[in-house]
Every structure is written in C-alpha cells, then in structure tokens.
Amino acid sequence: MPANNDNPLYEELLNDYDDRLDHSGIRGERIARRLFELSQIGFVQVGGVKRPGYSNEEKEAKELVKKWLSEAGLAIREDGAGNLMARLEGKTEGAAIASGSHLDSVPSGGNFDGPLGVLSALEVAESWKESGYVPDKPYEVIIFSDEEGSRFNSGLTGSRAMTGAISRQEMEQLRDYNGETLEQVLQKYGSTLDAYEEAKRDLSDLELFVEVHIEQGKKLEKAEQPVGIVNGIAGPAWLEMEFIGEAGHAGNTPMIGRRDSLVTAAEFLQSIPDFPKTVSDTAVATVGKLEVFPNGANVIPEKVKLLVDIRDIIEETRDRLIDLLIEQAEKVAAKNDILLNIKLNTKIQPVPIVEDLQKQLAASLEKYGITPQYIPSGAGHDAMNLGRYLPVAMLFVRSKDGISHNPKEWSSLNDCVMGIHVLKDFIENKMKQ
C-alpha cells in the first residue's frame with residue numbers, strides 16, 4: 001500500500017517511543033505500522049478517515065486485519081453481519097476469553113477509536129506467537145461491523161446482530177444516508193438480511209470479553225496515568241425527529257402565519273442543554289446531525305430531520321431524559337403548528353462492570369506501576385451489548401486533550417503499548433482461573 005505523504009502518523013508515533021516497552025513479545029513498531037496502514041484506508045485530506053459501516057473502506061480494513069490475524073495463527077470466520085471472529089485454541093477446550101473492537105469510523109474520524117482495540121487484541125496473540133506461549137484457554141479476537149452508527153443512525157449494528165438485540169422489523173426499517181435499506185446494503189457487501197439475522201451467536205462459548213479503547217475524555221490526562229479502568233458504560237438512546245411545516249417563497253410569504261420547520265427545530269435545539277442536569281449529573285444530550293429540506297437559500301424550510309443522542313450510566317434517569325425531550329419537542333411543534341414525527345432508533349441499557357473484574361484489572365495496572373483510575377464511559381461500545389449476556393471489562397488509554405471522533409484524536413505509542421501490556425497480563429491471569 002503506497003504511503004500518503006499527508007499522513008505522518010507512523011513517524012509521529014515512533015518519534016518519542018520508549019523502546020524499553022518492547023518486551024514479552026509486544027513490539028511498538030508493529031503497532032505503529034499497523035495503525036498507519038489502517039489510517040491509509042478511507043484517508044481524507046482534512047485528516048483522519050472515513051470508513052462507514054458496510055462500506056468498501058470498512059471491508060478493506062477488515063481484509064487487511066484478516067491477513068494479520070491469519071499470519072498470527074488464528075482461524076478466522078465471518079458471520080452474516082460482517083463480524084470477524086478469529087480463534088486461537090488453548091491447552092483446554094471450552095469457552096474462550098475474547099477481546100477486540102471495530103474498524104468503521106464516523107465521518108472524518110480519528111485513527112485510534114476502534115483500531116486501537118482491534119490491534120491491542122491482535123498484539124496479544126502476536127506476543128504469544130513470538131514467545132511460544134500457548135494460552136490455557138481458547139482466545140478470540142472479535143471485530144464488529146458498523147459500531148459507530150454513522151450509516152443508519154443506529155449504532156452497534158454488528159454486535160446487536162451477534163447478541164440478537166435487533167428485531168426483524170427493525171432490520172427491515174433501517175435506511176442509510178443514501179436511502180438504501182439494510183437489506184440492499186448487505187447485498188452489496190456480500191450478505192443477506194437472512195444471514196444477518198442468523199449471525200445471532202450462542203454466547204455461552206465466550207467466558208469474558210475485554211475491550212481496549214481510547215478514553216474520549218480527560219480524566220487520565222489530568223491524573224497523568226496512561227491507562228484506566230472503565231467502571232460502567234452509559235446506554236445510548238437515539239431519537240430521530242422530523243419537524244414538518246410548509247415550504248414557501250422567502251420573499252413573498254409574510255412572517256405572520258409561516259410554518260417554518262427550521263425555526264421550530266432551532267427552538268427545540270436551544271432548549272436541550274437545560275434538561276440533562278434536571279435528571280442527573282452524568283446525563284447528556286446532543287444533536288450532531290441535522291438535515292434541512294429543500295435546503296434552498298430562498299425557500300422556507302419544509303422539513304428538518306435531526307438525531308438526538310441521549311446517554312446516561314443510569315437507565316432510569318436516561319429514560320426520564322428521553323421523556324422530557326419528547327415532551328419538549330411536542331410542545332414546541334404544537335406551538336408553531338408543525339407536524340412532528342419521532343422514532344426511537346436505538347435504546348440500549350447501561351452496563352456496569354463487575355467489581356471483581358475491576359479489582360483484577362487494577363492488579364494488572366499496579367504491576368506496571370500505574371495508579372488505578374476508575375472512569376465511567378459516556379460512550380457506547382460493543383462491549384455494552386455483550387455485557388448483557390456475559391462478563392465484560394474495559395480499559396481506557398489516555399487520549400490527548402480528551403479528543404475523539406476527530407482527526408486530532410491522539411494517543412501516544414507509549415500509552416498504547418502500555419495498555420496492551422496491561423491487557424495481556426489481565427488475560428493471562430484470567431486464563432489461569
């Protein structure tokens with residue numbers, strides 16, 4: 001793959017790397033090179049990458065990682081939802097310990113969100129291959145499809161299929177940003193809606209899933225620690241709203257009596273920040289996607305579509321916030337004689353991380369001189385879906401300025417490799433239990 005001269009990721013990662021971290025079969029240069037190679041797939045000139053779920057770019061990234069997984073000695077299979085599962089047999093048969101993440105991105109996303117978790121899980125297997133270590137139990141690297149949700153306004157598509165957390169009716173209703181159905185998208189990808197439904201897995205063959213991810217916050221940076229422990233994952237809910245008014249000429253339509261959908265949507269948007277704090281200190285609500293129709297400079301907007309992302313680590317307060325925002329949208333729409341359509345695209349329960357797993361992660365951190373920091377994750381992860389059926393754990397790696405979903409997203413190679421050492425130690429200890 002030819003290098004893109006506008007992307008200095010490889011050199012920047014290695015620039016201040018402490019090669020004393022290269023031990024126990026883990027090599028920083030390999031991580032840097034692989035992060036760089038993935039950054040070339042879907043590279044955009046403004047920086048970062050664009051790899052939507054089920055796109056050619058996501059598929060190309062998966063094919064590259066499949067090559068690395070195969071070279072590391074893992075047996076690979078892919079389900080009808082596009083999820084990859086790579087297995088390494090252990091000394092004994094039975095349920096596997098698994099780790100992984102995703103390779104898709106938001107538009108102009110960063111190079112660490114998702115790929116770091118995938119490469120961390122892979123590097124554990126690479127380290128065992130280099131040192132001749134045979135795990136006591138089976139080990140799996142899992143790569144989930146379409147975690148970010150930028151394609152269908154409904155995230156975690158792959159892990160929801162794997163856990164059976166999506167109904168056939170919802171599958172048939174999903175439309176992407178081009179108006180294509182999930183079935184049409186899957187057909188282009190090389191699968192079918194039936195095969196997607198059949199991706200539901202018997203999760204009794206997994207003992208534990210552990211995910212490494214960049215923090216998406218500043219707590220580790222403020223604490224001056226490279227790696228931290230996630231103590232709970234917030235459950236996201238996505239409300240898709242349509243405000244429908246009446247189009248008209250911008251010059252000839254009097255201000256009195258207008259049914260302007262954008263003005264109404266703006267009134268609702270302006271009120272959103274007042275609501276999360278009324279339910280809890282950890283609740284948040286965000287509108288990051290908005291479409292205006294017909295989007296003409298001299299036309300009163302007839303319709304506005306927007307997506308409200310609502311999260312909290314407590315299900316009851318998250319759901320209370322959903323109700324409050326729906327009530328507010330209905331109030332504003334009625335006041336302005338605007339039709340309102342609301343659809344709940346995603347509603348996922350928050351997942352706590354069991355205390356015993358947190359203690360075991362803390363022991364692995366302390367082995368490397370890291371003071372444990374316990375951090376709730378406001379973002380959703382594939383581990384959240386699996387966490388309803390089996391134990392899950394998560395490690396955060398320090399992120400510069402807490403930036404994520406942005407081309408400026410950055411974690412130093414030292415921190416990334418330290419996270420892999422902690423992951424490896426934790427998994428090996430779990431293998432012996």
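Heavy atoms only: backbone and side chains are in, while hydrogens, waters and symmetry mates are out. Residues: numbered from 1 along the sequence shown. What you see is a predicted model, and the numbers here were worked out from it, not measured in a lab.
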Charged N-O contact under 4.0 Å between Lys424 and Glu428: yes
Salt bridge Arg27-Glu130, side-chain N to carboxylate O under 4.0 Å: yes
Check: Lys305 main-chain N/O paired with Glu240 side-chain donor or acceptor under 3.5 Å: no
Aromatic plane relationship, His421 with Tyr368 - under 30° parallel, 30 to 60° tilted, over 60° perpendicular: tilted
Donor-acceptor contact present, side-chain Asn414 to main-chain Asp16, <3.5 Å: yes
Donor-acceptor under 3.5 Å (Ser280 side chain, Thr282 main chain): yes
Arg201 with Glu140: basic N within carboxylate O range, under 4.0 Å: yes
Heavy atoms of other groups near Asp323 CG, more than 12 under 6.0 Å: yes
Six-ring centre of Tyr189, Lys59 cation under 6.0 angstrom, axis tolerance 45°: yes
Parallel, tilted or perpendicular: rings of Trp128 and Tyr133 (30°, 60°): tilted
Euclidean distance, Tyr139 OH relative to Ile97 CD1, rounded to 0.5 Å: 9.5 Å
Any residue meeting salt bridge (charged side-chain N to carboxylate O under 4.0 Å, His left out) with Glu197, in chain and number order, not counting sequence neighbours: Arg168
Within residues 96-108 or reaching into it, pairs that qualify as salt bridge (Lys or Arg N to Asp or Glu O under 4.0 Å) - sequence neighbours excluded: none
Backbone N/O of Gly82 and side chain of Asp79: donor-acceptor pair under 3.5 Å: yes
Basic-acidic side-chain contact under 4.0 Å: Lys62, Glu58: yes
Polar contact flag, side-chain donor to acceptor under 3.5 angstrom, Thr192-Asp194: no
Ionic contact status for Arg175 with Glu180, cut-off 4.0 Å: no
Trp410: side-chain hydrogen bond (donor to acceptor under 3.5 Å, both in side chains) partners, not counting sequence neighbours: none
Polar contact flag, side-chain donor to acceptor under 3.5 angstrom, Lys331-Gln328: no
Under-4.0 Å salt bridge between Arg311 and Asp309: yes
Residues Arg34 and Glu37 bridged, charged N to O under 4.0 Å: no
Short N-O contact, Asp319 and Lys347, less than 4.0 angstrom: yes
Ser399 and Glu215: side chain donor to acceptor below 3.5 Å: no
